[in-house]
Amino acid sequence: MPDGPLIVQSDKTLLLEVDHEQAAACRRAIAPFAELERAPEHVHTYRLTPLGLWNARAAGHDAEQVVDTLLEYSRYPVPHALLVDVAETMSRYGRLQLVAHPVHGLVLHALDPAVLAEVLRSKRTSGLLGERIDATDVVVHPSQRGHLKQVLVKLGWPAEDLAGYVDGEAHAISLAQDGWTMRPYQEQAVDSFFHGGSGVVVLPCGAGKTIVGAGAMARSSTTTLILVTNTVSARQWRDELIRRTSLTEDEIGEYSGARKEIRPVTIATYQVLTLKRKGMYPHLELLDARDWGLVVYDEVHLLPAPVFRMTADLQARRRLGLTATLVREDGREDEVFSLIGPKRFDAPWKDIEAQGYVAPAECVEVRLTLPDTARMTYATAEPEERYRLAATAPGKNRVVESLVARHRGEPTLVIGQYLDQLHELAEHLGADLITGETPVRERQRLFDAFRTGEISTLVVSKVANFSIDLPEAAVAIQVSGSFGSRQEEAQRLGRIMRPKADGRTAHFYTVVARDTVDQDFAAHRQRFLAEQGYAYTIVDAEDLEQGSTGQRV
DNA sequence: TATACTGAAA
DNA sequence: TATAGTTCAGTATA
């Protein structure tokens, strides 16, 4: 195609012209295998990575499809070397297989003896492999299954794990069918997960990931261990499971800081599992406390390093990872890939929105020009103080005030990172504030008041990043965030994406100080959502009160 | 004996 | 990059 929207370069970057009429179709076509790297106004940069290509491969795409997609949308002839490279990278996935051998147990089987020879020569596999059976097979100690997969990914030969799983202890679980059924994409996600065995399901916030978990549990009907980020989330899982499945309160245990119950379905927090005392992990026994048939990782992108290590030992059990965003800022995506599994299902956020299951959202970046004195302070500040200085610029108070006024009557969340700033804002707005030090009872009271509409504005800290369920929230105003965290941005947008009763559009504002690191971090944070098709409108803070709409990006 | 508060840890 | 949230254990309170 001579006028395609895509420029494919030999350094493995893909440049997408955003205003091209085929841009949307192209974005959709390359999404399964390319990662968005930068998203300024006119040209978005995607990158081809081995991990992206292997995920696509695991999802059933072959190299031919990827090559065809590139050729179809490319404006210029595609570098031949790049096409060869794509084909070679993709063909690396699955040349090694982990299989169950009737005599030798777990075996690493190579479709190509040379690959096995190369892998065996590496020092990194030395402690992980046992006896060599023949030219294409070598024994793997079952306890090294996860470590081996990690090493193989790093060596560039990701193994396809076909060794299967222990059944686990059977436990009858069915979905409660009182006039309610899973949504089509949830069914598909469960199917894809089961077909693949282990892996990750990526769905937007508010799209019902818990239901996918429940569906997987019903399908396997085994004892299940669910790992979640915090106690509040654990309670929400329990309530949802009681509502949506045949499980009763007695069958569901909570293993958290507060309680230590072990039941056929046990919900545990990452925190308690990774608690370290005197160099020991006293709660690790939970993993062996029962013969779990399924392990569910909620918010799998947050898995801390110790849980990765523990998970390496759990490879014989089915593992389902759930997340809204697989991206992490610490570059551990490959560990999720090798230890939980490849991406099994991924629905573009805009598709779910089009089906009406999440609310449409409009994202606006409000830029505030710092007064001269503040700019001088900023310019002379130490680099490590700069973000805080810019992010907590006093001028933001007025901007937030006018945004709240603009949406008067709509349930509004003001979200920030710095407690001082939030205290000040809460006072300014005459609104209530929820932070980590707010007692659970008080949080509950405020959330309830917010849900019923008694309170229309709530100022919240990082506590609101995850899993708080405020269906009615329609407006979010972000004043500061964790540096450039893409997944935090996605989670915060997620707070307002529950569909509204009247189908209203949700509004997401991010207030940044112009020409500072605050603006740079904001740009980085927005990348993931840009990849999902959310365009940020940029508005000048001074124009805000005059009702200008700004320019679309 | 149960519950509330505080500080430390990773 | 630093900050904030979470949990646990020790101490105070009723």
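Reminder, nothing fancy here: chain letters follow the sequence lines and each chain counts from 1. These numbers were taken from a predicted model, which means no experiment stands behind them.
Counting heavy-atom neighbours within 6.0 Å of E442(A) CD, excluding the residue itself, gives a total above 12. A 6.0 Å sphere centred on CD of E384(A) holds more than 12 heavy atoms belonging to other residues, nucleotides or ligands.
With rounding to whole Å, E437(A) atom CD is found 13 Å from dG7(B) atom C1'. Rounded to whole Å, atom P of dG5(C) lies 9 Å from atom CG of L433(A). In this entry the distance linking CZ of R492(A) with P of dA4(C) reads 12 Å, nearest Å. Whole-Å rounding puts the K260(A) NZ to dT7(C) P distance at 9 Å. Here dA4(C) presents its P atom at 17 Å from CD1 of I434(A), a figure rounded to the nearest Å. Distance E488(A) CD to dG5(C) C1': 12 Å, rounded to the nearest Å. One can place CD of Q417(A) at 7 Å from C1' of dA4(C), the figure rounded to the nearest angstrom. Distance H283(A) NE2 to dT7(C) C1': 9 Å, rounded to the nearest Å.
Using a 30° and 60° split on the angle between ring planes, F483(A) and F521(A) fall in the perpendicular class, above 60°. Using the six-membered ring where Trp is involved, Y387(A) and Y418(A) have ring planes that are tilted, between 30° and 60° apart.
Nucleic acid contact class of T274(A) (heavy atoms, under 4.0 Å, all strands): none. Residue Y418(A) is in sugar-phosphate contact alone, with no base atom involved, counting any heavy-atom pair closer than 4.0 Å across all strands shown.
Counting only heavy atoms from C-beta on, F483(A) has its side chain closest to dT1(C) among dT1(C), dT6(C), dC8(C). Of the candidate nucleotides dG5(C), dT7(C), dT6(C), dT6(C) has the atom nearest to the side chain of R443(A). Nearest to the side chain of S461(A), among dT6(C), dA4(C), dG5(C), sits dG5(C). Closest to the side chain of Q271(A), out of dA2(C), dA4(C), dT7(C), is dT7(C). Listed candidates were dG5(C), dC8(C), dT7(C). Nearest to the side chain of V463(A) is dG5(C).
An OP1 or OP2 oxygen of dT7(C) is reached within less than 4.0 angstrom by a side-chain nitrogen or oxygen of T231(A).
In this structure dT13(C) sits in a base pair with dA2(B), meeting the Watson-Crick or G-U test at under 3.5 Å. The pairing partner recorded for dA4(C) is none, the criterion being a Watson-Crick or G-U wobble arrangement whose two distances lie under 3.5 angstrom.
Side-chain contact, Q417(A) with S480(A): no donor N or O sits under 3.5 Å from an acceptor N or O.
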